Amino acid sequence: MSKEITGRTENYSEWYNDLVLKSGLADYSAVRGCMVIKPYGFTLWENMRDVLDKKFKETGHVNAYFPLFVPKSLFEAEEKNAEGFAKECAVVTHYRLKNNPDEPGKLMVDPEAKLEEELVVRPTSEAIIWNTYKKWIQSYRDLPILVNQWANVVRWEMRTRLFLRTAEFLWQEGHTAHATKQEAIEETIQMINVYADFAENYMALPVIKGVKSESERFAGAENTYTIEAMMQDGKALQSGTSHFLGQNFAKAFDVTFKNKENEEEYVWATSWGVSTRLIGALIMAHADDDGLILPPRIAPHQVVIIPFLSKNEEETKKMIETSINLKNELNKMGIRAMVDSDETKRPGFKFAEYELKGVPLRVVIGPRDLANGNVEIARRDTKEKSTISIENLPEKIEQLLENIQQNMFDKAKTFRDSNITKVDDFETFQKLLDEKPGFILAHWDGTAETEEKIKELTKATIRCIPLDNPQEEGKCILTGKPSKERVLFARAY
RNA sequence: CGGGAUGUAGUUCAGUCCGGUUAGAAUGCCUGGUUUGGGACCAGGAGGUCGUUGGUUCGAAUCCAGCCAUCCCGACCA
């Protein structure tokens with residue numbers, strides 16, 4: 001009642017904003033395009049981060065930290081990369097403020113304190129990292145270098161949206177250096193697989209793995225792998241990328257090593273990243289008009305236990321006790337459970353509040369339940385309520401959480417799959433994008449010109465060329481030229 | 001960056017067109033009481049640099065200009 005959420009069908013954008021703000025994930029800030037990630041949102045990010053970090057370490061990576069600032073001369077060294085990001089770089093030009101003599105109490109940039117060389121606020125860290133790697137690498141024995149960093153980056157976007165596109169955002173960026181091309185390519189593929197595994201098994205977000213077309217490729221990369229997810233409005237969201245950088249950065253930063261044959265060679269590189277944008281994906285893939293629906297594996301709270309308070313003090317005490325015992329048992333099993341015994345809020349209010357926050361499972365313990373040895377359980381994903389015996393409750397809850405996790409994935413996958421259509425003529429292609437938004441598999445002649453033209457006509461872009469794509473003869477949807485496989489088209493965030 | 005809209009109490013908004021006492025409502029908040037199986041009720045109370053800076057005026061939330069922020073559409077975006 002107090003927190004009205006705009007309906008999904010009414011206005012999808014407003015629905016999204018309402019959810020982010022009212023569920024307590026994030027807030028706007030006084031800085032253009034920058035948001036505050038609130039504790040609830042940050043806990044969610046921490047959970048995602050912890051899972052990913054573990055996976056990175058399991059695959060041999062270590063964390064490090066590189067500077068926020070990149071001297072302009074370093075930044076521009078890899079030309080394509082620099083050019084790709086140039087338009088959205090924040091630049092530090094001065095290092096001091098001073099009192100404004102014309103306006104007492106106000107500060108001004110001290111013109112005397114101009115930097116000799118401007119510092120670019122990193123939009124990504126390849127430049128500063130490869131400049132560093134040059135010092136670290138002399139021999140094949142120094143390779144591979146498998147480093148990741150958790151950091152913030154800044155991209156001065158014209159139009160921002162909470163989590164999906166903000167001027168500053170949090171992410172991780174892996175930067176690896178290898179002795180052979182083969183090894184670097186394997187690394188690139190390994191990491192896109194790590195991302196896909198994370199998206200599907202933790203975020204319950206089905207993704208399509210693929211390769212970017214040349215025009216959608218990361219600036220400075222030889223090849224970009226991507227995972228693409230479908231949102232509930234049928235649009236695609238690029239959810240993670242892994243780049244094979246070839247020797248581009250090694251050449252730009254003169255990073256060479258002596259191989260076993262005592263020959264000087266350029267180092268092979270990869271980089272890969274996912275960001276807080278994933279939280280946007282989570283919302284748009286799963287949430288409904290009542291609020292967020294978070295997958296149990298990363299939800300800040302997996303279970304909320306709400307004791308009903310009774311006039312009978314003794315009874316109330318007992319319900320709270322039972323609640324806390326259950327919480328402790330769940331915690332012991334590694335389940336993130338909380339008790340809300342706040343007397344000042346009524347149960348109905350709490351129900352609505354935790355539904356808004358997307359807590360996967362709600363356990364209600366009231367006098368009636370207590371007397372019968374039952375509790376009421378409500379799952380967020382299906383909104384089903386059931387009364388179950390208190391016997392073996394923790395085990396049942398554990399099972400239910402797994403069930404919810406799986407159900408969320410299945411539901412999202414069914415939705416996605418039913419919104420992927422094979423199309424063979426351009427008229428249908430155009431019509432479908434407007435009438436039934438989703439992904440379209442269509443033939444493409446492989447040229448950037450055709451891709452550009454299709455984008456102009458339909459606003460749809462090639463999201464990726466799926467991996468393990470079935471090969472089939474066909475004709476380009478636009479030009480009719482021969483094509484050997486279908487590629488994935490969609491309108492995208 | 002272009003077009004449109006908005007900015008008044010924690011929140012949502014009225015008041016602005018047509019300047020004039022002490023700026024209102026709902027909700028939220030605080031206190032007390034009654035309540036409690038799906039967003040409770042009664043009584044009392046606190047809470048506002050009207051986004052910001054400047055201008056016009058005897059007088060500005062109201063008119064004008066700049067700036068800041070947000071939303072929507074577009075352009076742009078690995």
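Within every chain, numbering begins at 1; the chains are lettered A, B, ... in the order of the sequence lines, protein sequences first and strands thereafter. This one's a predicted model, so the numbers in the text were calculated from it and none came from an experiment.
Between the side chains of A:T458 and A:Q430, no donor N or O sits under 3.5 Å from an acceptor N or O. Counting only N and O atoms by type, the side chains of A:D53 and A:W150 include a donor and acceptor under 3.5 Å apart.
Side-chain proximity of A:A352 to B:G39, B:U70, B:C76: nearest is B:G39. Of the candidate nucleotides B:G39, B:G37, B:C77, B:C77 has the atom nearest to the side chain of A:E157. The side chain of A:F349 sits closest to B:G39 out of B:C77, B:G74, B:G39. When distances are taken from the side chain of A:F351 to each of B:G37, B:A75, B:G38, the shortest belongs to B:G38.
Taking only side-chain nitrogens and oxygens, A:N17 comes nearer than 4.0 Å to OP1 or OP2 of B:C72. Contact between the side-chain N/O atoms of A:K345 and the OP1/OP2 oxygens of B:U36 is not found at any separation under 4.0 Å.
In summary, of the residues considered (A:K350, A:R379, A:K383), a salt bridge (Lys or Arg N to Asp or Glu O under 4.0 Å) with A:E355 occurs for A:K383 alone.
You'll find a donor-acceptor pair under 3.5 Å spanning the side chain of A:E355 and the base of B:G38, going by distance alone. For A:R32 against B:U70, a side-chain-to-base donor-acceptor contact under 3.5 Å is absent. Donor-acceptor pairing under 3.5 Å, judged by distance alone, is absent between the side chain of A:R159 and the base of B:G2. If you check distances only, the side chain of A:K383 never reaches the base of B:G38 with a donor-acceptor pair under 3.5 Å.
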